[in-house]
Peer 1: 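To start, I am sharing the structure in question, which I have written as structure tokens.
Nothing here was measured: the structure is a model prediction, and the numbers come from that model. Whatever order the structure lists ligands and atoms in, that order sets their numbers, starting from 1.
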Amino acid sequence: MGLTVTEKILDDHLVDGELVPGEEIGITIDQVLTQDTTGTMVWLQFEAMDLDEVKTDLAAQYCDHQTYQFDFKNTDDHRFLRSAAGTYGAYFSRPGNGICHQVHKERFAKPGATLLGSDSHTPTPGGLGQLAIGSGGIDVAVAMGGAPYFFEMPEIVNVHLTGELSPWATAKDVILELLRRLTVKGGVGRIFEFTGPGVSTLTVPERTTITNMGTELGATSSIFPTDELTRDYLERLGRVDDYVEVTADPDAEYDETIEVDLSSIEPLVAAPSMPDNVVPVREVAGEAVEQVIIGSCTNGAYEDILASAKMLEGRQVDPRTEMIVAPGSKQASEMLAREGWTAEMMAAGVNFSEATCGACIGVGHVPGSDSVSVRTFNRNFEGRSGLEDDAVYLSSPEVATAAALAGELIDPRDLAETLGDMSPPGMEIPETFDGSTTDLITPENAVDDRLIKGPNIGDVPLKDGLSAHIEGPVLLKMGDNITTDHIIPAKGDVLMYRSNIPKLSEYTLSRVDESFASRALEADGGILLAAENYGQGSSREHAAMCPMYLGIEAVLAQSFARIHRANLINFGILPLVIDADTYAQIDQGDTVSIVESDISGAVLAGADTFDIAINDELEASATLDATHRERELLAAGGKLQHARNLQAAGGSAAAGD
Ligand code: MIC
Ligand code: SF4
């Protein structure tokens, strides 16, 4: 039987298990990436495991999320990250050099290789045939120390592309269409592999927009085969030697096939406040727009901004609208400036930001109250922009620029009527990417050779082994699709505590209930209850680490998002699955206990069903679907504690697995 692209890459890297969906596999990791808001914990854990140097072919530390450095704590985090990269042998991308996924695509993405990153949008280079997966920070630390990465072999879904995009329809609309069909949980436990004649009609930057936002489906990864376009793109990046052919065999078998006729796709938006709330732009046309932002790891590439610049050339942004461009990389910024496009956009009324995530997580450019913002980003979870009851639409650069020109949402196909001669800008790829490399410090030119920690940089919290008995109040009953932004917000005033867990914990679940952290401390432990897809969104392990710090030992949910489930286990919290009836039976404030004389022992022994008493009455059951390796982590109190136990017993820390 022939193999898919995913299977070929996994097969090349497989060290444990079999490529059977649902089975745990271990693979070697060629490259890792980490960024400023998850990276401090990655390196603190690397240090705590006594690992002494990066063992992967490449590790890159980016500073991209909080580059405005509102507070010395942010700047100290960046200095610490530079010192860690230098000490252990990673590349260091200075603050302002760009968003990890964009810079990684430009500088390092490698077809056929594996990449693990402590950011959920790590799958972006799947657009160049790299198998890239997002994970919690400690998984990255362990992989960087040379150990395999373990995860559940996903189902491989064939997204069969036919036809060609019609004018004004874009790659962003392709992924929005998939979100419309499959929803934000439709990709859990799956890798989306793109095939068919439509593939060759999409340029590499278009492909990376799609693979980037496959994360919003909850997918483990998304990947395209490589072809002449990939080779050509790498050549323009000055890295043609990195090209390898990775294609699926003609008789490759997929677990499922989804047909997408590109020619049937029209300009779409994700309406507030979920990436799967997708409608055609024409259905919301006329909605006044006060803010437009082009940028992010999804659509902040040189080619995206150029498309917007061409639409703006010689025109003016509507006086009712503010338009901001936040380039995805400094290289894109530098090239657009040299070519005169920056001046052209400024003359049209655009404000330029440094190359940063910034507004994507509510750090700067917070929308005005009761206003609409149109952004080329990937997430519009309520409140993520920094305004609690925000109204953020997600769109392509073309739709966003059309809104800026019209002052309201408008189908760009209707723009010509109001603005005269307006043809679609298309995708223009530069002959060569020739930005400077000053802001990318190589391991050979490292600035520091020891860790530099400011006063806000604390220790990684450790937990005792799993308790024999778990009982406590249900501190919070939550609904479907609770995001990690609900669990630990990423706004500017909170981000500065990413290296200070006692302080950060005060914000735990504050977006759901401000009193949560103090109630959890008072209760000295307790239980969380949620419906479907708990923990969707980011990879931030802080969303497990902080509840752990507050004493939570179990989360009962109808289902979990992939990365968050792994993070809960990595921090010693039981992710227990319940059915809808059990969910309905339990109220906030009820006392729930797991009826088992020795939970830790039962977990280790492989128990998969636990009886649950609600207010002392035996009412229901919960399941623990975990591998032997995961059970050991849970029993030990988490991955770091497990690694330390192994070390104490004379084993290797990287065997945190
Ligand atoms: C996000 O888009 O939510 C983030 C901020 O990039 C996160 C990482 C983090 O919380 O630091 C992600 O996507 O993993
Ligand atoms: Fe940055 Fe936003 Fe991309 Fe996350 S989704 S990496 S915050 S640009």
Peer 1: Let's go through Tyr91 and Phe108 carefully: what are the C-alpha distance in whole Å and the side-chain angles of both, what is the deciding distance for ring-ring contact (aromatic ring centres under 6.0 Å, His included) to 0.1 Å, and is it a yes or a no?
Peer 2: CA-CA 11 Å; Tyr91 280 84; Phe108 303 119; 4.7 Å; yes
Peer 1: Below 4.0 angstrom from a heavy atom of His101, which ligand 2 atoms are there? Numbered from 1 as shown, please.
Peer 2: 6 (S)
Peer 1: Kindly confirm or rule out an N or O of Thr37 lying under 3.5 angstrom from an N or O of ligand 1.
Peer 2: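 Indeed, backbone or side chain, Thr37 has an N or O that close.
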Peer 1: Enumerate the atoms of ligand 2 whose separation from the nearest heavy atom of Arg384 is less than 4.0 angstrom.
Peer 2: 2 (Fe), 5 (S), 7 (S)
Peer 1: Do Arg384 and Asp390 sit within salt-bridge range, that is, some charged N less than 4.0 Å from a carboxylate O?
Peer 2: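 No, Arg384 and Asp390 are not salt-bridged.
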Peer 1: Specify the protein heavy atom at minimum distance from atom 1 (Fe) of ligand 2: its residue, its atom name, and the distance to 0.1 Å.
Peer 2: Cys357 SG, 2.3 Å
Peer 1: Which ligand 1 atoms does His65 reach within 4.0 Å, using its non-hydrogen atoms?
Peer 2: 4 (C), 5 (C), 6 (O)
Peer 1: Return the orientation label for the His104 and Tyr62 ring planes: parallel under 30°, perpendicular over 60°, tilted otherwise.
Peer 2: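 Perpendicular.
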Peer 1: Determine, stepwise, if the pair Glu106 / Ser329 fulfils side-chain hydrogen bond (donor to acceptor under 3.5 Å, both in side chains).
Peer 2: CA-CA 9 Å; Glu106 292 170 356; Ser329 74; 2.7 Å; yes
Peer 1: How long is the gap from NZ on Lys105 to CD on Gln331, to the nearest 0.5 Å?
Peer 2: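 Output value for this atom pair is 10.0 Å.
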Peer 1: Do you know which of Thr438, Asn97, Asp439 makes side chain to side chain donor-acceptor pair (under 3.5 Å) with Lys330?
Peer 2: Asp439
Peer 1: Kindly confirm or rule out an N or O of Arg540 lying under 3.5 angstrom from an N or O of ligand 1.
Peer 2: yes
Peer 1: Considering only the protein, which heavy-atom contact is closest to atom 4 (Fe) of ligand 2, and what is its distance?
Peer 2: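 Of the protein heavy atoms, His65 NE2, 3.8 Å lies nearest.
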Peer 1: For atom 5 (S) of ligand 2, which of Asp119, Asn378, Thr38, Ile361 has the closest heavy atom?
Peer 2: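 Result: the heavy atom closest to atom 5 (S) of ligand 2 is in Asn378.
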Peer 1: If we check side chain to side chain donor-acceptor pair (under 3.5 Å) with His101, which of these qualifies: Asp119, Thr211, Asp64, Thr298?
Peer 2: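 That would be Asp119.
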Peer 1: Provide the number and element of each atom of ligand 2 under 4.0 Å from a heavy atom of His121.
Peer 2: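 The atoms of ligand 2 under 4.0 Å from a heavy atom of His121 are 5 (S).
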Peer 1: Checking only N/O/S atoms, does Cys360 have one that is under 2.8 Å from atom 3 (Fe) of ligand 2?
Peer 2: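 Coordinating: no.
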Peer 1: Between Gly537, Gly328, Cys297, flag the one that comes closest to atom 8 (S) of ligand 2 by a heavy atom.
Peer 2: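 Residue with the shortest heavy-atom distance to the ligand atom: Cys297.
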